[in-house]
*Asks:* 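Can you keep this structure in mind? I'll have questions shortly.
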Amino acid sequence: MKGSGMHLFGESLRTAFLCGTHCFLAPNGRKAEVESALLLVNLGLARKANRHPGCWIQFHPITQLFGKIRGGLVPTTAAVNGVMRTGNPSVYSDHLWASAFLVFGFKSEPPAVQLKAVDMVLFIKKTALPLAVDSFMSFSRCGSALELLKVCTNVLEEVEKSYASRMQDWSRGSLCWRKKLQPNHRVDELVWQEVTLLKATLLETRAKLLLRGGLFDTGEELCRTCISIRTVMLGHGHAQTLAAQETLAKLVRYRSKI
């Protein structure tokens, strides 16, 4: 029992280091994680918060400070990974915004978490994009939502340039070198396509939100760029290309009425 208790205490401290100021464990979370969180509450290192279904705990300031001193980048990275699993921006918007600041930086603060291209695509798809749309539609945080989408677009453009340059270097290499790197090149190409199509989705989303906000000229420009990308990547008759064309038609129609 003593060894089991020490293991549980270790799990509790690990949970504290990985969660930052708050921690949420889903109702179907692992039993060990829930027990670790509740042990922290019993030890006075955290308190339980009855906010939503599941197990929410808030850490004591001393616990937070100790976690920051001993944790390094591990807590921030784990926090971002945890947020990507939670979803539901209307319920966890504060945590999602915090994770966005960790990934993209805030004002003069540089990003605290460096994600690989594949993980960045996943983060934007599952966290940043739904957060921006929900913030705009549910909370009327129009400026913040549009800025978040713009930041996501800029980040993807940098990733896109990196992959495009890498594939260009690959195509210029010797035939022997190309054969050797063919599997990696295929992966790079697929990631580049995913990044480019996600950028088109961000552009279309920004155009739709600008349509609602009455900024038709800017929305039209973004939408045309989206259509150009999808036409090249997917074709003229693809459903996503046609959807963007419908959005463009609305922007043009509303602008003509001004």
Side-chain angles (χ1 to χ4, degrees), residues 83-84 86-94 96-97 99-101 103-106 115 117-164 167 189-258:
V83 160
M84 282 194 286
T86 59
N88 199 343
S90 61
V91 177
Y92 312 121
S93 62
D94 51 347
L96 269 61
W97 275 111
S99 69
F101 293 146
V103 172
F104 302 122
F106 181 70
L115 295 179
V118 175
D119 296 327
M120 181 63 76
V121 168
L122 184 63
F123 179 81
I124 292 176
K125 271 186 177 181
K126 295 189 58 114
T127 302
L129 180 56
L131 175 63
V133 173
D134 188 72
S135 297
F136 189 101
M137 303 297 290
S138 301
F139 302 104
S140 298
R141 296 172 181 167
C142 306
S144 300
L146 290 169
E147 183 63 25
L148 178 57
L149 291 174
K150 183 179 179 180
V151 168
C152 291
T153 305
N154 293 341
V155 168
L156 289 181
E157 285 180 346
E158 291 302 316
V159 174
E160 190 180 27
K161 290 177 184 177
S162 174
Y163 273 84
M167 288 188 293
E189 187 177 0
L190 292 174
V191 174
W192 172 76
Q193 291 175 359
E194 189 76 11
V195 168
T196 304
L197 289 174
L198 179 56
K199 186 181 79 170
T201 299
L202 292 173
L203 293 171
E204 182 188 27
T205 304
R206 288 167 63 189
K208 287 180 177 179
L209 298 185
L210 290 169
L211 173 62
R212 285 180 169 269
L215 300 176
F216 306 125
D217 289 338
T218 306
E220 183 179 338
E221 181 181 350
L222 295 174
C223 199
R224 290 187 185 278
T225 305
C226 169
I227 292 172
S228 298
I229 293 172
R230 287 180 175 170
T231 300
V232 172
M233 301 288 289
L234 303 174
H236 287 281
H238 193 277
Q240 293 184 23
T241 307
L242 296 176
Q245 289 174 350
E246 290 181 7
T247 302
L248 177 62
K250 290 181 181 178
L251 285 161
V252 173
R253 185 168 63 252
Y254 279 101
R255 181 171 57 81
S256 65
K257 294 180 180 179
I258 297 177

*Asks:* Could you pull out all residues at least two apart from Glu194 that satisfy salt bridge (Lys or Arg N to Asp or Glu O under 4.0 Å)?
*Replies:* Lys125
*Asks:* Apply side-chain contact (heavy atoms from CB on, under 4.5 Å) to residues Glu157 and Thr153 and explain how you reach the verdict.
*Replies:* CA-CA 6 Å; Glu157 285 180 346; Thr153 305; 4.1 Å; yes
*Asks:* Report the residues that fulfil salt bridge (Lys or Arg N to Asp or Glu O under 4.0 Å) with Glu158, sequence neighbours left out, ordered by chain and then residue number.
*Replies:* Lys161
*Asks:* Quick one: CD on Gln193 to CG on Leu234, what's the gap to the nearest 0.5 Å?
*Replies:* 9.5 Å
*Asks:* Less than 4.5 Å apart, side chain to side chain, heavy atoms only: is that true for Leu210 and Phe216?
*Replies:* no
*Asks:* Would you check if Phe123 and Val103 make a side-chain contact, meaning some heavy-atom pair closer than 4.5 Å?
*Replies:* yes
*Asks:* For the CG atom of Leu209 and the OG1 atom of Thr218, what is their distance to the nearest 0.5 Å?
*Replies:* 13.0 Å
*Asks:* Any idea which heavy atoms bring Ala145 and Phe136 closest together, and the distance?
*Replies:* CB-CB, 3.8 Å
*Asks:* Report the C-alpha separation of Ile229 and Leu203 in whole Å, then their side-chain angles, then the decisive distance to 0.1 Å, and conclude whether the side-chain contact (heavy atoms from CB on, under 4.5 Å) test is met.
*Replies:* CA-CA 10 Å; Ile229 293 172; Leu203 293 171; 4.0 Å; yes
*Asks:* Set out, in order, the CA-CA distance, both residues' side-chain angles and the distance that settles side-chain contact (heavy atoms from CB on, under 4.5 Å) for Cys152 and Phe104, then state yes or no.
*Replies:* CA-CA 8 Å; Cys152 291; Phe104 302 122; 3.6 Å; yes
*Asks:* Just verifying a value: how many Å separate Leu96 CG and Asp134 CG, rounded to the nearest 0.5 Å?
*Replies:* 9.0 Å
*Asks:* Looking at CG of Leu129 and OG1 of Thr205, how far apart are the two atoms once the value is rounded to the nearest 0.5 Å?
*Replies:* 5.0 Å
*Asks:* Are the side chains of Leu148 and Trp97 in touch, meaning some heavy atoms are under 4.5 Å apart?
*Replies:* yes
*Asks:* To the nearest 0.5 Å, what is the distance between OH (Tyr163) and CG (Leu156)?
*Replies:* 11.5 Å
*Asks:* Side chains of Leu115 and Leu122, heavy atoms from C-beta outward: is any pair under 4.5 Å?
*Replies:* no
*Asks:* First locate atom CD1 of Ile227, then atom CD of Glu220, and finally report the distance between them rounded to the nearest 0.5 Å.
*Replies:* 9.5 Å
*Asks:* Sequence neighbours excluded, which residues qualify as salt bridge (Lys or Arg N to Asp or Glu O under 4.0 Å) partners of Asp119?
*Replies:* none
*Asks:* Side chains of Ile124 and Met120: does their closest heavy-atom pair fall under 4.5 Å?
*Replies:* yes
*Asks:* Which pair of non-hydrogen atoms, one from Leu146 and one from Arg206, has the smallest distance, and what is that distance?
*Replies:* CD2-O, 4.2 Å
*Asks:* By the salt bridge (Lys or Arg N to Asp or Glu O under 4.0 Å) test, which pairs, at least two apart or in different chains, include something from residues 137-152?
*Replies:* none
*Asks:* Anything under 3.5 Å between a donor and an acceptor, one on a side chain of residues 240-254, the other on a protein residue two or more places apart or in another chain? List them.
*Replies:*
| from | atom 1 | to | atom 2 | distance (Å) |
| --- | --- | --- | --- | --- |
| Thr241 | OG1 | Gly235 | O | 2.9 |
| Thr247 | OG1 | Ala243 | O | 3.2 |

*Asks:* Go through the structure and list residues passing salt bridge (Lys or Arg N to Asp or Glu O under 4.0 Å) with Arg230, not counting sequence neighbours.
*Replies:* Glu204
*Asks:* May I have the step-by-step check of side-chain contact (heavy atoms from CB on, under 4.5 Å) for Met137 and Arg212, ending in yes or no?
*Replies:* CA-CA 10 Å; Met137 303 297 290; Arg212 285 180 169 269; 3.3 Å; yes
